[in-house]
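Beneath this line is the structure, given in structure tokens, with notes to follow.
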Number of protein chains: 2
Amino acid sequence: MIDISEILENFRAFIKSKGLKYTPEREEILIEILKYKDHFDVDELHMELKKKGSKISKASIYRTLPLLIEAGYIQEVYKQEGRAYYEVVINKLPHLHFICIKCKKVEEIIDPKLIELIQEHAKKKEFHLLSYHLEIFGTCLECRKGGMV
Amino acid sequence: MIDISEILENFRAFIKSKGLKYTPEREEILIEILKYKDHFDVDELHMELKKKGSKISKASIYRTLPLLIEAGYIQEVYKQEGRAYYEVVINKLPHLHFICIKCKKVEEIIDPKLIELIQEHAKKKEFHLLSYHLEIFGTCLECRKGGMV
DNA sequence: TCTCTATTGAGATCTAATTTCAATTTTGAT
DNA sequence: ATCAAAATTGAAATTAGATCTCAATAGAGA
Ligand SMILES: [Mn+2]
Ligand SMILES: [Mn+2]
Ligand SMILES: [Zn+2]
Ligand SMILES: [Zn+2]
């Protein structure tokens, strides 16, 4: 479970440490994002905020996401059809994604051995690792079997 | 080494098998692409063709790439700054990419153990694997050390 | 309260990728 | 070789996610 008030305080400190201003918009976006258990995109987030009566613009969302990434709360996980998808990574192990190109279902696979291999390579190459994109595209069993597209 | 005439014959058969027409444009694009040893994007390819006097339009390139992917000659390897990058995968082992976000250098890492792990997961999940995106973003040693951006 | 500066929303802009459409080309049949 | 049907082409229009511009507003320290 995630302790929201602790994260908000953390975020406030992060924002101030960068000489930026802690605005209601930034906080509201963070609070909303923390509710996501799965992947989300900007449109989805914006609609969700609107549904709750918020007037936050997409521009502000686009401006806030990089801050949340830098603060380490979220990551961009993959792009599909020209659209970027994000996920909360607090208390979440690195993992790879099996993405069905038919039904768009995304399955997460956690494999510490795999992540370890990657980190070994990074270490060997003296590469400072910032983020992963481990996506496997294909078709899931259900979609191969039949109908349901 | 790649046997071009064999591939062209192969491509012709592929195109015909789909009830499509084998045009000089499609062949020219394939021939040009087969020359690439590294990653390329549409703009680069288009300029390269133009430089050689070709009048092939970007639209035709955009229309041909999916065919070449389907035929198994190339793959989309990653997207950066809204642009897709491709590579020839004939006689090429699956591999991951370390991408430096500063100098944009891309390093390929071949690790059969890693690929095997992924294939095991796919098998376990009964997922029919079509393509990988294994990209690791970060900074290379040179860029961390200093100047050269 | 005051002042400096960052931030906001709305809309303009950017640009990779896709679509449209009339002219042209391929291809198989005659 | 000629023909007709259907696919393909290039050019330009369009789409859409992401970024940028800018005037109005709000945060934060003095
Ligand atoms: Mn995930
Ligand atoms: Mn590669
Ligand atoms: Zn599926
Ligand atoms: Zn670098």
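First the proteins, then the strands, lettered A, B, ... as listed; each starts at 1.
- Distance alone, capped at 3.5 Å, places no donor-acceptor pair between the A:His133 side chain and the B:Phe137 backbone.
- In this structure, B:Lys55 places its NZ atom 13 Å from P of C:dT25, rounding to the nearest Å.
- Salt bridge status for B:Glu48 with B:Lys35: absent, with no side-chain N to carboxylate O gap under 4.0 Å.
- Counting only heavy atoms from C-beta outward, the side chains of B:Leu20 and B:Arg26 approach each other to under 4.5 Å.
- When rounded to the nearest whole Å, the span between CZ of A:Arg26 and C1' of C:dG9 equals 14 Å.
- The interatomic distance linking B:Ile56 (CD1) with D:dA11 (P) rounds to 12 Å, in whole Å.
- Per the geometry, CD belonging to B:Glu27 stands 16 Å off C1' belonging to D:dT9, to the nearest Å.
- Between A:Glu32 and A:Lys52 there is a salt bridge, since a side-chain N of the basic residue sits under 4.0 Å from a carboxylate O of the acidic one.
- Comparing the axis of the opening five pairs of the helix from C:dT1-D:dA30 to C:dT30-D:dA1 with that of the closing five pairs yields an angle of 30°, rounded to 10°.
- B:Lys50 has its NZ atom 12 Å from the C1' atom of D:dG10, to the nearest Å.
- Here the P atom of nucleotide D:dA7 and the CD atom of B:Glu25 are 17 Å apart, to the nearest Å.
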Q: For nucleotides 13-24 of chain C, just jot down a letter per nucleotide in 5' to 3' order: B, S or -, based on protein non-hydrogen atoms under 4.0 Å.
A: ---SBBBB----
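- Taking 4.0 Å as the cut-off between side-chain N and carboxylate O, A:Glu9 and A:Arg12 count as a salt-bridged pair.
- Separating the CD1 atom of A:Ile61 from the P atom of D:dG17 is a distance of 13 Å, rounded to the nearest angstrom.
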What's touching nucleotides 24-30 of chain D from the protein side, N or O pairs under 3.5 Å?
{"unit_1": "D:dG27", "atom_1": "N2", "unit_2": "A:Lys21", "atom_2": "NZ", "d": "3.1"}
{"unit_1": "D:dG27", "atom_1": "N3", "unit_2": "A:Lys21", "atom_2": "NZ", "d": "3.2"}
{"unit_1": "D:dA28", "atom_1": "OP1", "unit_2": "A:Tyr22", "atom_2": "N", "d": "3.3"}
{"unit_1": "D:dG29", "atom_1": "OP1", "unit_2": "A:Lys16", "atom_2": "NZ", "d": "3.2"}

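- The main-chain N or O of A:Ile56 is found under 3.5 Å from a side-chain atom of A:His46 such that the two form a donor-acceptor pair.
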